[in-house]
Trainee: 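Before I ask anything, let me first share the structure, which is written out below as structure tokens.
No hydrogens, no waters, no symmetry mates; every other heavy atom, side chains included, goes into these values. So you know, we letter chains A, B, ... as the sequences are listed, proteins then strands, and number each from 1.
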Amino acid sequence: MAHHKKNRNVGIIGIGQTKHSSHREDVNQPELIHEAVRLALQDANLTMKDIDCVVHGNMELFEMVHQPDLWHVLGTGAYGKDCIRITTGGTVGATLSCASDNLAASGMYDIVMAIGFEKLQEGHTTGGITNMADPLWFRKIQAGALTGSSAYDVEREFGLERANRASLTYRIIMDKHACLNPNAHRAFGLEFSQIDDLIRTSPKLVGELKLIEMCSQSDGACCVIFACEQKAKELAPTPVWIRDHITVHREETFNIFGYDRTVPVIKTHKFAAEQLFRRNGIKDPINYFDVFEMYDPATWWAIDWLRDFFALPGDEHLKLVENKEIMIGGRMPINPSGGVIGSNPIGATALIRVAEAALQVRGNAGPHQIPTPVRHALASGFGGTMWTVMTMLENELNW
Amino acid sequence: MAEYWGVTVADIFNSMPERFRPEGARDVAAVFGYDIKDEGKWQLTVKNNSMALEKTDDLSCCVATMAADGETFVGVNVGKVDATNAFMSGKFRIEGDMVAFGKTGRLFRKFVLAGKGMTTREYLADMFATIVPRFKAEEAEGLDASFAFALGGADGGQWSVFIKDKACTVTTTIEGKPTVTLEFNDARDYVDFILGKIDAQSILAAGKAAAKGDINMMASKWPLLFEKYKDPLGGNVKEQELLTLKKTISINQRFATGPVMGKFLRGLKDKKIYANKCPQCGRLQLPPREVCAECRVRAADFVEVGPKGEVRYMDVVYYAMPDPLTGVARETPYGSINIRLDGCKGNETLPHFIRKDQIEKIQMGWNEMQGTRVRPVWEENRSGDIWDIKYFEIDE
């Protein structure tokens, strides 16, 4: 397939994030964005003069601001620059990364800045998500991003007890990771001994999906600077190379609730992972990658998706969680940052996955850095109606 | 000027304007005097929810005057000297109207030593000591309730707040059956919660706190009954006010259905449900979409399906979802179902709602198990809209 053949290689040379929080009422939108932009420029040792193009994205319906890129110019520094605004599903951030990579790889720009942002406190997230559905039918019935279907799937296959415990184990691992990440929004300090209590006491949202298992609504921004190979080598001591990325999106409705085994639904995560790994010659992804920053909006999706992304047979995905192999220091660390369950400024969230994966490759993620060297990292984005974006990052240009 | 515990008499007076609580001064209109030995005399005028302080030589116009030495005055204000003991032993005196002077106690927030934080125990003491002064009697008309606080950890304790006959009392025990009980595993979390450092949902979600009894009373009534607690430490540094602007947006919208969805919606008017069929894979789409999402070819053939079918999946929704078209939250719990209508196969399901009182009886189906059979309940006046079907109900 020729479509992923790059004109030139691209590396990440600067990363900045704000503190993510439920209330960042101390700053307005441009000021919030400016925090991330300033940190990314500092990280890359650049000024705005060095940036050729700014790619800006959020979920416009969430703050009800049209053309936010214009209002945000003081924060983004995009005045007089070439600028592109992108809005996709919850995947906005990952799409920003893909677009920036493509813009630099094409030769159009040498240095591209991607900015993902969301100030969910200022809008109505659930209302926004519901408004995105087809207005003629689904808008009136869907429950935003809340669904218990994954919980139902895992339960039906592995039993209520095991499914629930796996879900809460995943949740507590993510909390332990979030506690190490100074930018994380939610860091409760949960202990594994609380699993039974939490199963019993956490309020139910939909079906078996409980409040403690669902992601938060956060304010926050993330900024990542991409550079073409030549510039990246000149400017950065340790650029993180983008090997490949893939986007797969299904139809606009969730027609996946027939539960007919003779007509299985091909899930986009599974499809995307198969395509991406095949075209990069990766046969054993779980052993190839050293870390995976996965877009995990709820624990149930997370434990279910591990199987899809890594093509795991039987209950291997549950065992990974149950044996705590997904913890920092484990066989396949998932979300050392604490993941989406820890912080979810939606327009920034998927870019944070790429940024955090890149930090791990660079080896300077801070207290949540995994102890062994990270050579190959994977990041995923998720949104809309089964919308998957995957990005592969490498520490060496040797593929 | 002498210092006691690092604080001068002037520090106490100079910080009075910042510590002043207009809400505690609503029924006060008087001039108070302070005669501090070897330090000077101050006159405090309280009127119209505001105050003025001046240094003076003449306190003759004051309704009440406090006389003390500097050490006692500072000691009482910073909490190092017990006020009752000092009064009983004559270390300070009140001249004039003692009852009137008693009102000065709720005019000011606690004085806090600069650069020194407050412990959890000090915060709790201050929070519960200010409950009565912060009480808004006019909001308690006809209310008879008790709020119990069980705060764990080394610094914790128990408190009850009783409200009856528009009066508020506080005790350091929990007695009888409280209207609502708030339990925190660690009192520190309660302090952080009251100071706005952590939100209630986070603490509850993490299992660090629980609310029992009439939770609604605590959530909705408590904030009306009491002035918000102000952090005494916040008073020493003037903070910028955080402004947020509130907007409510509600706009009528209209959407063209297009011919494909239009045919489907038109069918509902005649109590008919149409799916469209992919000419390549034979898959049905419900509601119909112009192109088969699998084969990416135009799907122009319509077939009538249902209207009865079996439930293949149900989401029981406990979260009060707002209807985006009206903003009104749906009554919970409700059942969102995916129905495989007769004539459909595989994953060709239609989403809608189940009759409210039948959620419990629904069996979800898959290959080996038939789901509950359901039928649509039609609206009498149909307009070509999803709500032409009110909901589905069990087909008995």
Trainee: CD1/A/I212 to CG/B/L204 distance, rounded to the nearest 0.5 angstrom?
Mentor: 10.5 Å
Trainee: Top residue by heavy-atom pair count (under 4.5 Å) with chain A, among B/V317, B/N367, B/V316?
Mentor: B/N367
Trainee: Go through the atoms of A/R171 and report whether side chain, backbone, both or neither lie under 4.5 Å from a heavy atom of chain B.
Mentor: neither
Trainee: Does B/K277 have more than 12 heavy atoms from other residues, nucleotides or ligands lying within 6.0 Å of its NZ?
Mentor: no
Trainee: May I ask you to check whether over 12 heavy atoms, not counting those of B/F302, lie within 6.0 Å of atom CZ?
Mentor: yes
Trainee: Quick one: what part of B/T257 sits under 4.5 Å from any heavy atom of chain A, side chain, backbone, both or neither?
Mentor: both
Trainee: What part of B/I339 gets closer than 4.5 Å to chain A, counting heavy atoms only: side chain, backbone, both or neither?
Mentor: neither
Trainee: Among B/M314, B/K345, B/E294, who wins on heavy-atom pairs under 4.5 Å with chain A?
Mentor: B/E294
Trainee: Going from CD on A/Q142 to CE on B/M321, what distance comes out if it is rounded to the nearest 0.5 angstrom?
Mentor: 6.5 Å
Trainee: Spell out, as yes or no, whether a donor-acceptor pair under 3.5 Å connects the side chain of B/K208 to the backbone of A/G189.
Mentor: no
Trainee: Nearest 0.5 angstrom please: B/E368 CD to A/R261 CZ, how far?
Mentor: 4.5 Å
Trainee: Using only atom types and a distance under 3.5 Å, with no angle test, would you say the side chain of B/D315 pairs donor to acceptor with the backbone of A/V206?
Mentor: no
Trainee: Is any NZ, NE, NH1 or NH2 atom of the basic residue among A/K140 and B/D385 found under 4.0 Å from an Asp or Glu carboxylate oxygen of the other?
Mentor: yes
Trainee: Measure B/L268 against the heavy atoms of chain A and call it side chain, backbone, both or neither at under 4.5 Å.
Mentor: side chain
Trainee: Looking at A/I141 and B/P351, what are the two nearest heavy atoms and their distance?
Mentor: CD1-O, 3.3 Å
Trainee: Report which part of B/A329 has an atom under 4.5 Å of a heavy atom belonging to chain A: side chain, backbone, both, or neither.
Mentor: neither
Trainee: Does atom CD (B/E331) have a neighbourhood of more than 12 heavy atoms from anything else shown, all under 6.0 Å?
Mentor: no
Trainee: Nearest 0.5 Å, what's the CE-CH2 distance between B/M261 and A/W137?
Mentor: 6.5 Å
Trainee: Could you look at A/L205 and say if it's the side chain, the backbone, both or neither that has a heavy atom under 4.5 Å from chain B?
Mentor: both
Trainee: Under a 3.5 Å cutoff, is there a donor and acceptor pairing between the side chains of A/D260 and B/N347?
Mentor: no
Trainee: What part of A/T262 gets closer than 4.5 Å to chain B, counting heavy atoms only: side chain, backbone, both or neither?
Mentor: both
Trainee: If I measure from the heavy atoms of chain A, does B/L265 come under 4.5 Å with its side chain, its backbone, both, or neither?
Mentor: side chain
Trainee: Check the surroundings of atom CE in A/M64: do more than 12 heavy atoms from other residues, nucleotides or ligands lie under 6.0 Å from it?
Mentor: no
Trainee: Roughly how far, to the nearest 0.5 Å, is the CD1 atom of B/I386 from the CZ atom of A/R139?
Mentor: 12.0 Å
Trainee: Measure up the A/F257 and B/Y313 rings against each other and bin them: parallel (under 30°), tilted (30 to 60°), perpendicular (over 60°).
Mentor: parallel
Trainee: If you tally heavy-atom pairs under 4.5 Å against chain B, which of A/G128, A/S149, A/S202 wins?
Mentor: A/S149
Trainee: Look at atom CZ of A/R156 and say whether more than 12 heavy atoms of other residues, nucleotides or ligands are closer to it than 6.0 Å.
Mentor: yes
Trainee: To check you understand the geometry: which heavy-atom pair defines the closest contact between B/G365 and A/Y259, and what is its length?
Mentor: O-CB, 3.9 Å
Trainee: Are more than 12 heavy atoms, taken from residues, nucleotides or ligands other than B/K356, located less than 6.0 Å from that residue's NZ atom?
Mentor: yes
Trainee: Once rounded to the nearest 0.5 Å, what's the spacing between atom NZ of A/K204 and atom OG1 of B/T332?
Mentor: 13.5 Å
Trainee: A/L136 versus chain B, heavy atoms under 4.5 Å apart: side chain, backbone, both or neither?
Mentor: both
Trainee: Side chain from CB out, backbone as N, CA, C, O: work out which of these in A/H124 comes under 4.5 Å of a heavy atom of chain B, or both, or neither.
Mentor: side chain
Trainee: At a 4.5 Å cut-off on heavy atoms, which part of A/Q194 comes close to chain B: side chain, backbone, both, or neither?
Mentor: side chain
Trainee: With a 4.5 angstrom heavy-atom cut-off, is it the side chain or the backbone of A/L211 that approaches chain B, or both, or neither?
Mentor: side chain
